[in-house]
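Numbered from 1 within each chain, the chains take letters A, B, ... in sequence-line order. Note that the coordinates shown come from a computational prediction; the quantities given were computed from them, not determined experimentally.
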4 protein chains.
Amino acid sequence: MSQTTARRVRQAAIELFATRGFHGTGIRDLAEAAGLSSATLYHYMGTKEDLLVSIMRTSLERLVTAAKQVTSDVPDPLDRVSRLVALHVLTHASQQLETRVVDGEIRALSDARRSEIIALRDEYEAFWQSAIDDGCSRGSLRPSSRRVARLALLEMCSGISRWYSPDGPFTLDDLACRYVEMALGLLGATDPLPKRELGPVHAVMAAVWGD
Amino acid sequence: MSQTTARRVRQAAIELFATRGFHGTGIRDLAEAAGLSSATLYHYMGTKEDLLVSIMRTSLERLVTAAKQVTSDVPDPLDRVSRLVALHVLTHASQQLETRVVDGEIRALSDARRSEIIALRDEYEAFWQSAIDDGCSRGSLRPSSRRVARLALLEMCSGISRWYSPDGPFTLDDLACRYVEMALGLLGATDPLPKRELGPVHAVMAAVWGD
Amino acid sequence: MSQTTARRVRQAAIELFATRGFHGTGIRDLAEAAGLSSATLYHYMGTKEDLLVSIMRTSLERLVTAAKQVTSDVPDPLDRVSRLVALHVLTHASQQLETRVVDGEIRALSDARRSEIIALRDEYEAFWQSAIDDGCSRGSLRPSSRRVARLALLEMCSGISRWYSPDGPFTLDDLACRYVEMALGLLGATDPLPKRELGPVHAVMAAVWGD
Amino acid sequence: MSQTTARRVRQAAIELFATRGFHGTGIRDLAEAAGLSSATLYHYMGTKEDLLVSIMRTSLERLVTAAKQVTSDVPDPLDRVSRLVALHVLTHASQQLETRVVDGEIRALSDARRSEIIALRDEYEAFWQSAIDDGCSRGSLRPSSRRVARLALLEMCSGISRWYSPDGPFTLDDLACRYVEMALGLLGATDPLPKRELGPVHAVMAAVWGD
DNA sequence: GATGAATGAGAGTTCATTCAT
DNA sequence: GATGAATGAACTCTCATTCAT
């Protein structure tokens, strides 16, 4: 199974699922985008849903791995939140199509598949909740509600995949920093805000996404 | 043309489009949910896309009207932002299915229809940008970027339609107030935050959505 | 649902399933034979398998009903066997396509459907076994094995649907009588063989198959 | 071309064609059952239809050869019929899958191929007709119709391949004897029935089928 | 106002077969 | 001798839509 063709199929699926949605993308669209006949497509995937699940799983597993690495052995909850925000923003901007699929097409999954994906998503979000909770316990964060704060924060950060364009006026790092700032404001951070270093986040991302 | 049947069709469409997506909803699903045959459905709508457009247009037009009313003659930009956040959160929670359709199915529109809807959305978002810009000019808001702030803020607020449940621990007004707080934090509001009154927002909503 | 169109679909299915087999018959073949588009076909049936099951069920239910009526209150087992043979031969010749489908396409059914149909077939064959067993108990039949005799007898009689042609030299009643003779010979009937009357069998058939 | 692989392919085809039918068996099923890839399959066969024809031809040619040997220089038509019945029953039980394919999948052949196979079948059945006709001429058989008797007799005997199981209570020789009895009864044999010897039939079968 | 009947187009998927390696 | 890759055609079935009644 040619590795590059498989990748082309995957990439075509990400692009089409992201822009037209899973149900709005036909098998023949997929085949054309990948430069194959629709029959050949089936050498490189199971069903259309299998392909969607595979994209989602890979993406979420990487996110979980990165979230763990970026927060482990980081005692300060504000640091942890900042790193999670940066990680999330950077991936949702640089992998914007993929993340849009993950965030937006869960409803297209059959029940059996959905629960697996949702479990992964929950695993990832637990890192956020834990950081927020710790920040509250230590008094360095004062959100009006911990759970609502997590939800609002995640929606704000995920949203970037819906509007980001590399042609915009900001670099990715710029954006990440601004989002960290907004996030801490949103969470009612009490401390003065020192400039956070994105170095460790970049290192983790390179390890997890790089080949 | 029975008014109530027409409303049933519309309501069925909102529910199905919101939960399964436009392309994931078949005409037969729609007919069944409305208690009609699929042929009869066509007495109450044009094409499936017409129905979607109509739902979106109504929803956005109300939002534009309400945003105008809620901000007109309100000099303080923080007040304006607060009212817009409250309006947005209240509608995205109480009309969560409808707003999910508006926010999530724009890509399903054909080019011609999409531009009309996007124009309406832009008209609405202009109220936000104006309030934020004014706040910056006056120094009462210090976001890192005016445009990014608007986008992040809107995503955060719209997100509520994706997770809100009336069974949750908070009342709608509670939620609205918390979101106002988070929004002002996010925007780097410099002033102490007085408790904002939701009264005017409720009045406008009753006028615009009430029947 | 037009009764006559439904019948046309059914008839087309019987003809095609009988001559080409279930798996050898495409939905488009079916539609063409019925004079419909393949989409319209689905107004008159569920799945292709549903259609097959329906044909089989109707046919077997009639056979069971007829077998019951033709043997009830008939004390002499030789009479019962003779009537069953006549009934079977007459139906397998006059409904030769339908019976070929019933006998030959059971393997095409999914497990769930197959068990229902096999239960009907077993119910029908029980009338045969009972008549043969009674004949043996009374000493008027002397087959070498009751079970093998039933199987051999049924295969012999069912076979008629595979070669019968209305253009042949024999009338249906002729054939039925000859088969009764052969059957009694096969079963080792000890009595002299009086000419059996087909009258009651015809009456039952008219009641069960006639409209 | 490995002899054993070729045999494995043939055996897989016999099993699948017999249980699912020709049209119900896919090339991939065949490949999997033979332990090959579907491409490799084509080293051992022509088209799927070629494979079917080859199975049928081999089987029928053996049957014709055996029928000739088993009846040549046998003057008594009852002996000839008895030997044909025994031969047919023994092969249809011990080669039940193969014979099921031969008897049941003729309709799957294209016109050109079908005529060849039908010619072989007719050649085989001629031995039966000749024996029956001779028995009638000599007065030792009294069927009601010579042709109908042949058809009924063959259907009865062939049927064994549809229900025989080696786990059943009878040995093959048992079954063969019982079928001879039933056959002679069916044909209205007038003589007392001496026990027939299966020895010559077994000898011929060993010569024709043995390797 | 309502619907059964109808359909061309297209859905996702599998078909038997070929061929370069 | 074996197979991964490829495909046009076909598969069963559903799509959104129309129209006569």
Side-chain angles (χ1 to χ4, degrees), chain A residues 1-6 9 22-31 34-52, chain B residues 1-2 4-6 22-31 34-52, chain C residues 1-6 9 22-31 34-51, chain D residues 1-6 9 22-31 34-51:
Chain A
M1 183 142 87
S2 156
Q3 195 57 42
T4 69
T5 305
V9 169
F22 179 74
H23 288 307
T25 302
I27 277 295
R28 281 160 183 82
D29 302 328
L30 222 44
L36 299 170
S37 77
S38 67
T40 305
L41 208 56
Y42 282 86
H43 269 281
Y44 297 94
M45 56 178 236
T47 65
K48 199 174 76 152
E49 191 185 20
D50 288 340
L51 183 54
L52 174 60
Chain B
M1 183 146 86
S2 155
T4 69
T5 303
F22 179 74
H23 288 306
T25 301
I27 280 290
R28 279 161 185 77
D29 303 327
L30 226 42
L36 298 170
S37 76
S38 64
T40 307
L41 210 56
Y42 282 86
H43 276 277
Y44 296 95
M45 57 178 236
T47 66
K48 199 173 81 153
E49 191 184 21
D50 288 340
L51 182 55
L52 174 61
Chain C
M1 182 144 88
S2 156
Q3 195 58 41
T4 71
T5 305
V9 168
F22 180 74
H23 288 307
T25 302
I27 279 293
R28 279 164 182 79
D29 302 328
L30 223 43
L36 299 170
S37 77
S38 66
T40 306
L41 208 56
Y42 283 85
H43 268 280
Y44 297 95
M45 56 178 235
T47 65
K48 200 175 76 153
E49 191 185 20
D50 287 341
L51 182 54
Chain D
M1 183 146 85
S2 156
Q3 194 58 41
T4 69
T5 304
V9 168
F22 179 74
H23 288 306
T25 302
I27 280 290
R28 277 159 186 79
D29 302 327
L30 226 42
L36 299 169
S37 77
S38 64
T40 307
L41 210 57
Y42 282 86
H43 276 278
Y44 296 95
M45 56 178 238
T47 66
K48 198 173 81 154
E49 191 185 21
D50 288 340
L51 181 56

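In this structure, B/His23 places its NE2 atom 16 Å from C1' of E/dG12, rounding to the nearest Å. Between C/Tyr42 atom OH and E/dG10 atom P there is a gap of 18 Å when expressed in whole angstrom units. Distance CG (C/Asp29) to P (F/dA10): 11 Å, rounded to an integer number of Å. Between the CD atom of C/Gln3 and the P atom of E/dA5 there is a distance of 10 Å, given to the nearest Å. If you take CD1 of A/Ile27 and C1' of F/dC15, they are 16 Å apart, rounded to a whole angstrom. The separation between B/His43 atom NE2 and E/dG1 atom P is 8 Å, rounded to whole Å. In this structure, CG of C/Leu41 is placed 10 Å from P of F/dC13, rounded to the nearest angstrom. Separating the CG atom of C/Leu36 from the P atom of E/dG4 is a distance of 17 Å, rounded to the nearest angstrom.
No contact: D/Thr5 has no heavy atom under 4.0 Å from any strand.
Below the 3.5 angstrom threshold, one finds a donor paired with an acceptor across the side chain of A/Arg28 and the base of E/dG12.
Nearest to the side chain of B/Ala39, among E/dT3, E/dT7, E/dT17, sits E/dT3.
The two residues C/Leu51 and C/Met45 have their closest heavy-atom pair at CD2-SD, 3.7 Å.
The side chain of B/Thr40 contributes an N or O atom lying less than 4.0 Å from OP1 or OP2 of E/dT3.
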